[in-house]
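These values consider heavy atoms only, across backbone and side chains, with no hydrogens, waters or symmetry-generated copies.
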Amino acid sequence: MEITTMSQAMQLHAQILKAGNQQNQNLSKLFTFSALSPSGDLSYARLILDSFPAPNSYYYNTMIRAYSQSSDPIQALLLFLPMLEDPTHHTPRPDKFTYPFLLKSCARLRLTHEGKQIHGLIAKSGLEWDRYIQHSLIHMYCLGGESGLAYMVFDRMPDRDVVSWTSMIDGLVEDGRPIEAIRLFEQMVDDGVEVNDATVVSVLRACAETGALGVGRRVHGVVEGRGIGLKANVNSALIDMYAKCGCIESAWQVFDDIVDKDVFAWTAMISGLASHGHCQDAIDLFSKMQGFGIKPDERTMIAVLSACRNAGQVAEGYAYLRSMQNEYGVRPTIQHYGCMVDLLARAGHLKEAEEFIRKMPIEPDVVMCRNLIWACKVHKDTERAERLIIHLRQPKMGSNDSGSYVLIGNVYASAGKWHDKARVRELMKQKGLVKPPGFSRIELEGEIHEFAVGDSGHPEAETIYRKLEEIEDNLRKEGYDPKLSEVLLEIDDEEKAFQLSHHSEKLALAFGLIRTSPGSEIRIVKNLRSCENCHAVMKLISKVYQREIIMRDRIRFHHFKNGDCSCRDYW
């Protein structure tokens, strides 16, 4: 009997109980359905497990697997503990099928310490060389920020297959080490290991994050040469990579070449257009998608709301938010409400944004509050910002991170309240919080170069700083005057000007001007929001040096050309 609903499963269970046959093989079938099927019921599966006087390892492993994939993965670890007790307690011992899902739970919960303890149990049980367990260890260590330990497991594998390489590459991307992931992929190809679609998707994510367009194009060549491009997940990853590397035309081309477009391909293209400021094109494509009968999902609606946000279309944003559940059956999440708050805030509707947060059916998160505070700073509404800061600092907001404190300090500094900013910096020091470093990346001839503020560690640093001086001289002739108010430090104007001239994107741009031919495009990826001064400088450089500069910051893309920016100074 095939089980497709919980109603069928419960009817079958009733028949088994009535017959008094606990050994009926249909019992394992309905248990598996209850535990693992999207239409199942995890709590019902647990009731079945608990009803057995001495369940075997299959039942325990299946339940642990189900918990590892659930919204409460800690239950997998709690269920595992009795398996370590004396076997006379009628609990099966863990085996090679138990550990991968335990490690998955540790990975999802970032419980690296517990993962290490499980690794020790694996070694004691002689299962350390099981390949599936090794892949799970790599994944767990990378997600827990222990890439060094993941490399140790990877390097000790005597026979690495495509899954081994892909696990390590994907883990590095998850751990925020995309450049290392790209290098490992190149080593994999050099070693003659055949890549698959999962490998390609992982390395394309790394290319997208770093802006490594050249590497991404080479990966695209591998895709076409090996016939992997027919897979939907690869096509969506290619669209995403080209869009995030600043080449929206190539993203369009990949999208147009897909014969049977799924929701992920449509969403990737809509999102790419929105991030590049082609907001009306994004909204038009969404309408076209609906015309083809494709139902949008949560991510599609985030992309559409992002298009409204980047275009400042407040009324349209409200309309799409209202239609989500009514027309498409998509329940708004914190990300959707966050887009709406950001849209209102950027448009200067600060009071309306604050009211919107107050009336939301879900609690605001720290990101939403920070975005509104940032907008208050931009629109010089210090009073509202200070009121929101009080709310942000409440324990329930979970804002005990460096980003929140840096923002609060900047708000005080922009209002000239240096004593309050000093107090915030002292609090950060007491809590051991460090401001995340800003950096910019530029890819040249297949190599990714990364610059921090005032970076002097690059091999060509001396040449780069000479180029910066030349740029400053040329810009002054065009009437450039540094916006010193952007430097939120209590220092003299000369030091402020020096600070501004050495921002990471300017170093990356100077290097790009040195190493690329006249008239060619320069692409830069920045991990933070661009400041107003750097934005103005980029516009002016695009005019003086006759270069198109394509820069991605934390929020969106900026295409600088002939002294203008595609964002129209709205970002």
**Request:** Without swapping roles, check the side chain of Asn527 against the backbone of Pro437 for a donor-acceptor pair under 3.5 Å.
**Result:** yes

**Request:** State the OH-CG distance between Tyr141 and Leu103, to the nearest 0.5 angstrom.
**Result:** 8.0 Å

**Request:** To the nearest 0.5 Å, tell me how far Ile549 CD1 sits from Ile522 CD1.
**Result:** 6.0 Å

**Item:** All side-chain hydrogen bond (donor to acceptor under 3.5 Å, both in side chains) counterparts of Thr333, not counting sequence neighbours
**Value:** Gln335, His336

**Message:** Under the rule for ring-ring contact (aromatic ring centres under 6.0 Å, His included), what residues qualify as partners of Trp165, not counting sequence neighbours?
**Reply:** Phe154

**Asked** Do Leu388 and Arg384 come within less than 4.5 Å of each other through their side chains, counting heavy atoms only?
**Response** yes

**Spacing of Ile182 atom CD1 and Glu186 atom CD [to the nearest 0.5 Å]** = 7.0 Å

**Message:** Under a plain distance cut-off of 3.5 Å, with no hydrogens placed, do His276 and Ser566 share a side-chain donor-acceptor pair?
**Reply:** no

**Request:** Please check if the side chain of Ser323 supplies one atom and the backbone of Tyr320 the other of a donor-acceptor pair under 3.5 Å.
**Result:** yes

Show me the donor-acceptor pairs, under 3.5 Å and distance only, between side chains in residues 266-274 and residues at least two apart or in other chains.
unit_1	atom_1	unit_2	atom_2	d
Thr267	OG1	Val263	O	2.7
Thr267	OG1	Thr300	OG1	2.6

**Prompt:** Does the side chain of Ile541 come within less than 4.5 Å of Arg547's, by heavy atoms?
**Reply:** no

**Pairs touching residues 182-217 that satisfy ring-ring contact (aromatic ring centres under 6.0 Å, His included), sequence neighbours left out** = none

**Message:** Over 60° means perpendicular and under 30° means parallel, so tell me whether His559 and His278 are parallel, tilted or perpendicular.
**Reply:** tilted

**Request:** Spell out, as yes or no, whether a donor-acceptor pair under 3.5 Å connects the side chain of Arg217 to the backbone of Ala212.
**Result:** no

**Centroid separation Phe356 to His349 less than 6.0 Å** = no

**Request:** Check whether any side-chain N or O of His139 sits under 3.5 Å from a backbone N or O of Gly171 as a donor-acceptor pair, and report yes or no.
**Result:** no

**Asked** Does Gln187 have any side-chain hydrogen bond (donor to acceptor under 3.5 Å, both in side chains) partners at least two apart in sequence or in another chain, and if so, which?
**Response** none

**Request:** Spell out, as yes or no, whether a donor-acceptor pair under 3.5 Å connects the side chain of Asn326 to the backbone of Arg322.
**Result:** yes

**Request:** Output yes when Glu174 and Arg205 qualify as a salt bridge under the 4.0 Å nitrogen-oxygen rule, no when they do not.
**Result:** yes

**Separation of Cys567 SG from Arg556 CZ (nearest 0.5 Å)** = 5.5 Å

**Prompt:** Strictly by modelled atom types, are Ser105 and Ser68 linked by a side-chain donor-acceptor pair under 3.5 Å?
**Reply:** no

**Asked** Between Asn474 and Tyr545, does any side-chain donor sit less than 3.5 Å from a side-chain acceptor?
**Response** yes

**Request:** I would like to know whether Phe439 and Phe451 meet ring-ring contact (aromatic ring centres under 6.0 Å, His included); could you show each step before the answer?
**Result:** CA-CA 5 Å; Phe439 61 80; Phe451 296 89; over 10 Å; no

**Request:** Could you tell me if the ring centre of Tyr67 sits under 6.0 Å from that of Phe101?
**Result:** no

**Prompt:** Listed by chain and number, what are the side-chain hydrogen bond (donor to acceptor under 3.5 Å, both in side chains) partners of Lys261, not counting sequence neighbours?
**Reply:** none

**Asked** Distance from Ile524 atom CD1 to Met551 atom CE, nearest 0.5 Å?
**Response** 7.0 Å

**Message:** Does either side chain, that of Ser530 or that of Asp553, offer a donor lying less than 3.5 Å from an acceptor on the other one?
**Reply:** no

**Asked** Do His558 and His535 have side chains that get closer than 4.5 Å, going by heavy atoms?
**Response** yes

